[in-house]
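Each remark here refers to the structure printed beneath this line.
Whatever order the structure lists them in is the order used to number ligands and atoms, beginning at 1. Each residue takes its place number in the sequence, starting with 1.
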Amino acid sequence: MDVKYVQTTCPYCGTGCTFNLVVKDGKVVGVSPYQRSPVNEGKVCPKGTYAHEFVNSEDRLTKPLIKKDGKFVEASWDEAYDLIAKKFKGYKPDEIAVLSSARVSNEENYLLMKLARGVFKTRHIDHCARLCHSSTVAGLAASFGSGAMTNSIGDIAESKCVFVIGSNTFEQHPLIGRKIMQAKANGAKLIVFDPRFTPTAKQADLYGAFYSGTDVAIFNCLMGEIIRNGWEDKEWVSTRAKGYDELKAMVTKEAYLPENVEKICGIPAADLKTAAEWIGKAESSALLYSMGITQHTVGVDNVKSTANIQMLTGNIGRRGGGVNALRGQNNVQGACDMGALPVVFTGYQKVIDPAAHKKFADAWGFPDGICAPENGYEVTTMINVLTDKPGELKAMYIMGENPMLSDPDLTHVKEALEKLEFMVVQDIFLTETAALADVVLPASCYAEKSGTQTSTERRVQLWRPAQDPPGEARLDWKILCEVGAAMGYEKQFAFKSAEDVFTEIAELTPSYHGMNYERLNRPEALHWPCPALDHPGTPILHIGKCAHPDGMGVMHALEWKPPAEVPDAEYPYILTTGRCIWHWHTGSMTRRSQHLDEEVPTGWIEINPEDAKDLGIANKELVKAITRRGEVEVPARVTPDIKKGEMFMPFHFAECAANVLTNNALDPICKIPEYKACAVKVEKIKEA
Ligand code: SF4
């Protein structure tokens, strides 16, 4: 028997753990530890442990599919490419929209961005970062000039105080949770604020249960306490920050005194004061957040608030400090870095900047030019345009995304996608979205290809191929090059390998200039920015100066605003959503993983025992959850781990899809939907 071990990077969360794939007779059959990774040091979480199980699922797509008379029929690659080229050549640039993917490699995101802007000439490209961390990109860029996690994962273990808000780190980023425990073992205090008493909260020295959507009030309160007690870092504030006076005037208002904020958020005033003291007095304090902060109509304000408190306490550019935005998907950082966003090329070079636009147009050499130097639509805007402005968008190319489960208000999403004249989906499974497509292209998974992905800590790491794609499925980077060639642009897509593509990325992207596969082929890989071949990479950002042109950090004075939809007599509870440790996003991979599926085979709604008693609902009873968008039947999980008045649903499960219920109200700046707070009612299901 032929057995080999292939070192690669986990395809699930943004932590970026490394493990070995065990390959027997040419097929991936297991995962085994790789001890030399500085990120996970040989450990993996349950998803990583079973990351091989979906790879050879019987459900893998193995042939191109073309829909004829409402049914998919198998087709050859040439037939599929001919149809795609014929159709897309018939649309004007602004009639085409493209969705790239946080699941695939940097090289593939780059190629789809090039295909969108260079071949289709459309401005409309986005991906699911819009739905998870677009507020991080916008908020941290406004505060520091750069929109990414400031410190490294390993650095969290150095902290003397860890403040986790809006992140169930132990379930969503378990190997980052391990660093929190290392910090605790080194004497750090752990503060966790969350509406749920999560596994992360259970490890806290101070836990605060708050109502979803009250984050800015909490931060203002903490900062007011810090300033009133003189715990701010006066030197940092006076030499490195702008906007302190306005911030001070805002956060020291009477409205943000702990006793008043207790009434808004539900955390006792004494606990708010204790948290402020621990953060304000700590030698270093790391702030960790995730989608609990970002997925709000005030997502950008929430993110700016995290930056405010870390600047106020001098925890920017400091070991053990930082604003640590934990990115959810394996390569959501990289997909943003690669310009799979409607406003930037790679490395956040603005599409509307004439110099950047010319740089890419010249480098790519499309004889008929590239997209207009204008911003395009966000994915959430694309969906609204499809229903509200019929005929404006007509065709869509979707790679590795599943908006039919991931986007808010799914009834509306289905109505929108069904209005498209032509839709192509490139994926490894026939997802809920692929089922609506006109052409489905069978793609490859992480275990089958070379490429890079960029983790939440900006670490760029390699994938290495362990087996061939099944059947006639092809490598994604090759598919994209072949589509480009079919559209008549062979020269612009004449890449021989993923490494070849990375060379072009590095040439065009200042923060990746100093990277190549040879430099990345070592356990520690490289953190961006890495501007030159002799540069060691940058694990901690903003040491000495921020990334704004003047080097200063910008503080923002922000007033708290309630969520777009708050409980009322008809819908009396707050619904919030999230993930569980066993599943990942829309479940297309984890639900095809036998062990993970056995652990948690379906969804649930968490209800506080007092609320359940009021509603006459028993644990495990099937109930109806209803919002203004729709209703789903879902088993109740009655638990004191959810705050009274709040309810929680995981969003992985198509049969009880939380996103049928969620609100598509958007943050006005970054257009992220408010997944984390809407008004809900729950009813018993009456027997027929
Ligand atoms: Fe994979 Fe994240 Fe688990 Fe690490 S923590 S093994 S990256 S899912």
Side-chain angles (χ1 to χ4, degrees), residues 5-22 28 30-55 102-106 132-133 149 152-154 156-157 164 167-182 198-200 203 288 290-291 324-335 445-447 451-464 466 523-525 527 578-593 595-597 599-600 650-652:
Y5 295 83
V6 178
Q7 180 204 335
T8 196
T9 313
C10 181
Y12 287 122
C13 87
T15 305
C17 297
T18 302
F19 51 64
N20 287 313
L21 284 171
V22 184
V28 167
V31 163
S32 81
Y34 174 76
Q35 306 287 356
R36 292 171 64 206
S37 164
V39 179
N40 57 311
E41 298 160 322
K43 310 280 189 285
V44 282
C45 78
K47 285 192 284 290
T49 303
Y50 301 114
H52 59 287
E53 288 193 343
F54 75 87
V55 171
R103 287 196 291 156
V104 307
S105 69
N106 287 325
C132 61
H133 273 282
M149 177 169 169
S152 67
I153 292 169
I156 294 165
V164 181
S167 163
N168 179 7
T169 319
F170 283 48
E171 289 203 77
Q172 320 320 346
H173 300 86
L175 271 295
I176 296 180
R178 186 166 173 264
K179 294 294 169 193
I180 297 175
M181 294 311 285
Q182 287 174 355
T198 61
T200 315
Q203 298 298 330
L288 277 60
S290 192
M291 297 193 295
N324 299 292
L326 306 182
R327 310 292 299 254
Q329 304 201 62
N330 56 323
N331 198 31
V332 68
Q333 181 66 56
C445 78
Y446 80 107
T452 57
Q453 66 174 32
T454 305
S455 73
T456 186
E457 58 172 343
R458 298 169 283 103
R459 194 191 294 265
V460 184
Q461 296 171 288
L462 289 170
W463 280 340
R464 298 170 184 85
E524 62 277 23
H527 297 261
R579 294 170 280 178
C580 71
I581 194 168
W582 304 100
H583 287 288
W584 192 65
H585 291 264
T586 66
S588 58
M589 300 193 298
T590 51
R591 298 196 77 189
R592 289 180 173 91
S593 192
H595 284 89
L596 299 175
D597 194 48
E599 288 290 341
V600 175
F651 60 75
H652 315 291

Quick one: which of Thr9, Thr49, Thr8 gives a side chain to side chain contact (heavy atoms under 4.5 Å, CB included) with Phe19? Thr8
Tested for side chain to side chain contact (heavy atoms under 4.5 Å, CB included) against Leu326, the lone hit among Val164, Leu288, Thr15, Ile153 is Leu288
Given the options Tyr50, Phe54, Trp582, His595 meets ring pair (Phe, Tyr, Trp, His ring centres under 6.0 Å) only with Tyr50
Please report the closest heavy-atom contact between Thr169 and Thr200, naming both atoms and the distance. N-OG1, 3.1 Å
Contacting atoms of ligand 1, where contact means under 4.0 angstrom from a heavy atom of Gly16: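 By the 4.0 Å cutoff, the relevant atoms are 7 (S).
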Which protein N, O or S atoms lie under 2.8 Å from atom 3 (Fe) of ligand 1? Cys45 SG
Check against salt bridge (Lys or Arg N to Asp or Glu O under 4.0 Å), Lys179 and Glu41: CA-CA 11 Å; Lys179 294 294 169 193; Glu41 298 160 322; 3.5 Å; yes
Does Gln453 use its side chain to pair, donor to acceptor, with the backbone of Cys10 at less than 3.5 Å?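 Pair found, side chain donor or acceptor close to backbone of Cys10.
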